[in-house]
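First the structure, in the form of structure tokens, and then the observations on it.
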Amino acid sequence: MPPSTDLRDLLGGPVLDVAPRLLGSVLRHGAVACRITEVEAYDGPRDPGSHAYRGETARNAVMFGPPGHLYVYFTYGMHYCCNVVCGPEGEPRAVLLRAGEIVDGVDLARSRRTPVGGDRQLARGPANLCRALAIDAAQNGHYLTTPPLTLTPPDAPAADGRTGPRVGLRLAAEPPWRFWSAGEPSVSAYRPAVTRRREP
DNA sequence: GCTCCGATTATCT
DNA sequence: GATAATCGGAGCG
């Protein structure tokens with residue numbers, strides 16, 4: 001029997017089709033595994049919300065490469081977030097992994113996240129997810145079929161899929177390109193982008 | 001060089 | 001709701 005879904009096949013379609021199908025995927029890094037419950041799509045150079053909007057740079061180069069690799073970026077001086085690069089090569093499409101439920105290695109994940117409330121908060125929010133899984137700049141560009149860091153698509157599409165606006169963007173927040181599984185307590189809270197106060 | 005500000009989070013009121 | 005923490009990318013001159 002072939003693997004339920006080959007990662008490379010899955011990532012080849014339009015990113016708005018790929019993103020919801022990644023719900024239920026398991027992202028594993030060593031002893032810690034996370035079932036993804038919330039994602040966002042970033043579609044090519046014409047998406048003003050995408051890091052690739054203004055073309056390829058050293059930072060976003062991984063997004064322009066072949067699908068199946070992990071694009072990790074550093075933001076706010078302290079946080080990492082990770083994306084799955086989608087195809088085809090040359091088109092900078094990616095899906096941001098926003099939240100999930102830790103399904104293996106809970107103790108290790110919790111030790112990386114102290115202090116934290118309940119286990120459902122371990123990977124709630126994109127930066128928290130990376131921390132729980134110990135993903136940082138060292139994993140940028142990693143190919144997700146190669147242990148110890150792998151992404152396994154679900155056997156069947158996730159039930160109760162929902163869509164809504166993306167989180168935290170000032171530009172292009174309006175297309176409903178955020179996808180999550182209804183009823184999952186690990187899904188992050190929606191916050192509209194804040195406009196920073198300017199000094200007088 | 002220098003400045004602005006971000007695909008965030010925790011913590012305060 | 002508001003803000004600090006903290007730093008590198010990107011734009012501008």
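Note that these values count all heavy atoms, side chains included, but never hydrogens, waters or copies made by symmetry. Proteins come first, then strands; the chains are lettered A, B, ... in the order of their sequence lines, and each starts at number 1.
Here A:E40 pairs with A:R98 under the salt bridge (Lys or Arg N to Asp or Glu O under 4.0 Å) rule; sequence neighbours left out. In terms of the side chain to side chain donor-acceptor pair (under 3.5 Å) criterion, A:Q139 has no residue partners (sequence neighbours excluded).
Of the P atoms belonging to C:dT3 and B:dC5, the separation is 15 Å, rounded to the nearest Å.
Not one N or O on the side chain of A:D160 forms a donor-acceptor pair closer than 3.5 Å with the backbone of A:G183. Formation of a donor-acceptor pair under 3.5 Å by the A:H29 side chain with backbone atoms of A:L133 is found in this model. In this structure a side-chain-to-backbone donor-acceptor pair under 3.5 Å is present from A:H69 to A:G141. At distances below 3.5 Å, not a single donor-acceptor pair connects side-chain atoms of A:D17 with backbone N or O atoms of A:P14. Distance alone, capped at 3.5 Å, is enough to place a donor-acceptor pair between the A:D136 side chain and the A:A138 backbone.
For the pair A:E40 CD and B:dG6 P, the interatomic distance rounds to 15 Å; values are reported in whole Å. The nearest whole Å value for the distance from the CE atom in A:M63 to the P atom in C:dG9 is 16 Å. With rounding to whole Å, A:E56 atom CD is found 15 Å from C:dG9 atom C1'. In this entry the distance linking OH of A:Y42 with C1' of B:dG6 reads 11 Å, nearest Å.
Looking only at atom types and distance, the side chain of A:T37 has no donor-acceptor partner in the side chain of A:S181 under 3.5 Å away.
The aromatic rings of A:F74 and A:Y80 are tilted relative to each other, their planes meeting at an angle between 30° and 60°.
Residue pairs meeting the side chain to side chain donor-acceptor pair (under 3.5 Å) criterion with at least one member in residues 106-123 of chain A, sequence neighbours excluded, are A:D107-A:R110, A:R110-A:D119, A:R113-A:N128.
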Output one line per pair: protein atom, nucleotide atom from nucleotides 11-13 of chain C, and distance, for all N/O pairs under 3.5 Å.
unit_1 : atom_1 : unit_2 : atom_2 : d
C:dG11 : OP1    : A:R54  : NE     : 3.1

| Footprint string (nucleotides 8-13 of chain B, 5' to 3'): B base within contact, S backbone only, - free, heavy atoms under 4.0 Å | BBS---

| query | How does DNA chain B look in dot-bracket form if you count Watson-Crick and G-U pairs under 3.5 Å, write [ ] for pairs that cross, and put | where a base pairs with another strand? | reply | ||||||.|||||.

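Using a 4.5 Å heavy-atom threshold, the side chains of A:L10 and A:L22 count as touching.
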